[in-house]
Trainee: 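Structure incoming, see below.
These figures come from a predicted structure and were not determined experimentally.
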Amino acid sequence: TGLFDRPSATLKLHEEWKRAHRFHQPLSLLLLDMGFASSLSDVDRRTAVAEAAGVFLNECRDIDVLARFSPDVFLLLLPGTGSEGARVLADRIVQSLRERLQGRVAANPAGGLATVPSADVPDRRSFVAVAEACLKHAQAAGAGGVKSSWQ
C-alpha cells in the first residue's frame, strides 16, 4: 500500500504526541475500518485496500501519517489539525471511499475520530483508546460514517 505498518505508526504516534504537547498544537487521530463483507475474496480485498491507500494519499497532506493499523483498519494521524478540520477530512475520505468502491466491492467504511488537547485524553494510550471506542460506536450504528469523541 505504500503506507506505514503498525509498529512504524506507533513510533510516529509517539513522536507527534510529544510534538503536539511541546508546541501546544492540536493533533487528531482517525481510525478507519473499511467494513469489508466477510465474503470478500483475497484478491478483491487486496485491490480494495490498494484503492483505499490511493484515496488516503490523495486526500491527506504530506505531514499526515498514514498507516495500516490492522488488516482492515487504517490509522490517519493529523498533526496540527483540530476537531473541525479532522471531521471535514474524515467525512471526505469516507465519501471518496464509498464512491470509489461502489459497485465493485462490498464495503461500509466507518471511522473513529479523537482530537487533543482534550480533558478526556491524558496520555497517548488513552488517545488511541478514545479513537477505538468511537470506531466501535460507528460500527455498531451500522450505517458507517464517522463518530468522534466530541459527539
Side-chain angles (χ1 to χ4, degrees), residues 1-38 40 45-46 48-101 107-151:
T1 61
L3 306 179
F4 285 117
D5 59 6
R6 187 178 184 137
S8 298
T10 301
L11 176 65
K12 293 299 283 183
L13 175 61
H14 180 70
E15 291 173 356
E16 293 298 337
W17 177 267
K18 289 191 318 187
R19 182 176 290 118
H21 283 279
R22 183 181 311 124
F23 297 111
H24 306 286
Q25 295 182 341
L27 176 66
S28 292
L29 171 62
L30 172 63
L31 293 179
L32 187 71
D33 186 322
M34 295 301 297
F36 293 134
S38 59
L40 193 64
R45 182 179 299 272
R46 282 193 300 268
V49 165
E51 289 278 342
V55 168
F56 303 150
L57 292 168
N58 187 51
E59 296 290 343
C60 293
R61 307 165 297 177
D62 290 342
I63 64 168
D64 296 335
V65 177
L66 313 171
R68 186 112 180 248
F69 200 61
S70 71
D72 291 342
V73 177
F74 293 89
L75 175 147
L76 288 79
L77 191 58
L78 312 168
T81 306
S83 57
E84 289 180 24
R87 184 57 192 240
V88 167
L89 175 66
D91 289 340
R92 191 171 64 224
I93 285 174
V94 167
Q95 184 60 34
S96 293
L97 287 169
R98 286 180 175 155
E99 289 170 3
R100 203 163 201 181
L101 298 175
N108 188 23
L113 188 58
T115 299
V116 291
S118 168
D120 298 332
V121 184
D123 57 38
R124 186 173 36 96
R125 287 192 178 121
S126 299
F127 189 38
V128 175
V130 167
E132 287 175 329
C134 292
L135 173 59
K136 288 180 182 173
H137 183 63
Q139 290 168 322
V146 179
K147 299 292 181 190
S148 55
S149 58
W150 56 91
Q151 283 182 306

Trainee: Working to the nearest 0.5 Å, report the span between CD1 of Ile93 and CG of Leu30.
Mentor: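 Taking CD1 in Ile93 and CG in Leu30, the distance rounds to 6.0 Å.
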
Trainee: Please give me the minimum heavy-atom distance between Pro109 and Arg98, naming the atom from each residue.
Mentor: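 Residues Pro109 and Arg98, closest heavy atoms: O-NH2, 3.9 Å.
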
Trainee: Mind checking the OG1-NE2 spacing from Thr10 to His14? Nearest 0.5 Å is all I need.
Mentor: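 The OG1 atom of Thr10 sits 11.0 Å away from the NE2 atom of His14.
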
Trainee: Check ring-ring contact (aromatic ring centres under 6.0 Å, His included) between Phe56 and all other residues, then give those that pass, not counting sequence neighbours.
Mentor: Phe74

Trainee: Given side chains that start at C-beta, do those of Lys147 and Leu113 come closer than 4.5 Å, heavy atoms only?
Mentor: no

Trainee: Please report the interatomic distance CD(Glu59) to CD(Gln95), rounded to the nearest 0.5 Å.
Mentor: 10.5 Å

Trainee: Give a yes-or-no answer on whether the side chains of Ser28 and Thr115 include a donor-acceptor pair shorter than 3.5 Å.
Mentor: yes

Trainee: For Arg61 and Leu78: C-alpha separation, side-chain torsions, deciding distance, then whether side chain to side chain contact (heavy atoms under 4.5 Å, CB included) applies.
Mentor: CA-CA 9 Å; Arg61 307 165 297 177; Leu78 312 168; 4.2 Å; yes

Trainee: Is the side chain of Asp91 donor-acceptor paired with the backbone N or O of Val88 at a distance under 3.5 Å, no angle test?
Mentor: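 Not confirmed, Asp91 side chain does not pair with Val88 backbone.
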
Trainee: Where is the tightest heavy-atom contact between Ser126 and Val121, given as atom of each residue plus distance?
Mentor: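 Minimum heavy-atom contact is C-CG1, 4.0 Å.
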
Trainee: Find out whether Leu13 and Val65 are in side-chain contact, i.e. whether some heavy atom of one side chain is under 4.5 Å from a heavy atom of the other.
Mentor: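 A side-chain contact is absent here, since even the closest heavy-atom pair is not under 4.5 Å.
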
Trainee: Restricting to non-hydrogen atoms, name the atom on Pro79 and the atom on Asp64 that form the minimum distance, rounded to 0.1 Å.
Mentor: CD-OD1, 3.6 Å

Trainee: Which pair of heavy atoms, one from Cys134 and one from Ser148, lies closest together, and at what distance?
Mentor: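 Smallest heavy-atom distance, with atoms named: SG-C, 3.5 Å.
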
Trainee: By salt bridge (Lys or Arg N to Asp or Glu O under 4.0 Å), which residues pair with Arg45, not counting sequence neighbours?
Mentor: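 Partners of Arg45 by the salt bridge (Lys or Arg N to Asp or Glu O under 4.0 Å) criterion, ordered by chain and then number, come out as Asp72.
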
Trainee: Answer yes or no: is there a donor N or O on one side and an acceptor on the other, between the side chain of Asp33 and the main chain of Gln139, under 3.5 Å?
Mentor: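 Checked: no pair found.
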
Trainee: When rounded to the nearest 0.5 angstrom, what is the spacing between CD in Glu15 and CZ in Arg124?
Mentor: 10.5 Å

Trainee: Out of curiosity, Asn108 CG to Phe36 CZ, how far, rounded to the nearest 0.5 Å?
Mentor: 11.5 Å

Trainee: Give the C-alpha distance, both sets of side-chain angles, the deciding distance and a yes or no for side chain to side chain contact (heavy atoms under 4.5 Å, CB included) between Trp17 and Arg22.
Mentor: CA-CA 9 Å; Trp17 177 267; Arg22 183 181 311 124; over 6 Å; no

Trainee: Are the side chains of Leu29 and Leu75 in touch, meaning some heavy atoms are under 4.5 Å apart?
Mentor: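 Of all side-chain heavy-atom pairs linking Leu75 with Leu29, at least one is under 4.5 Å.
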
Trainee: Measure the spacing between CD of Glu99 and CG of Leu97 and express it to the nearest 0.5 Å.
Mentor: 9.5 Å

Trainee: Using the side chain to side chain contact (heavy atoms under 4.5 Å, CB included) rule, take Arg92 and Leu89 through it: C-alpha gap first, then chi angles, then the decisive distance, then the call.
Mentor: CA-CA 5 Å; Arg92 191 171 64 224; Leu89 175 66; 3.2 Å; yes

Trainee: Please report the C-alpha distance between Leu27 and Leu77 in whole Å, then the side-chain angles of each, then the deciding distance to 0.1 Å, and finally whether the side chain to side chain contact (heavy atoms under 4.5 Å, CB included) criterion is met.
Mentor: CA-CA 7 Å; Leu27 176 66; Leu77 191 58; 3.8 Å; yes

Trainee: Can you see which heavy atom on Val130 is nearest to which on Asp120, and at what distance?
Mentor: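 For Val130 and Asp120, the tightest heavy-atom pair comes out as CG2-O, 4.4 Å.
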
Trainee: Can you list the residues that meet the salt bridge (Lys or Arg N to Asp or Glu O under 4.0 Å) rule with Arg6, with sequence neighbours excluded?
Mentor: none

Trainee: Looking only at atom types and distance, does a side-chain atom of Arg68 sit under 3.5 Å from a main-chain N or O of Pro71, one as donor and one as acceptor?
Mentor: yes

Trainee: If you take all heavy atoms of Ser149 and Ala114, which pair is closest and at what distance?
Mentor: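 Looking at all heavy atoms of both residues, the closest pair is OG-CA, 3.8 Å.
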
Trainee: In sequence, state the C-alpha distance, the side-chain angles, and the governing distance for Arg87 and Glu84, and then conclude on salt bridge (charged side-chain N to carboxylate O under 4.0 Å, His left out).
Mentor: CA-CA 5 Å; Arg87 184 57 192 240; Glu84 289 180 24; over 6 Å; no

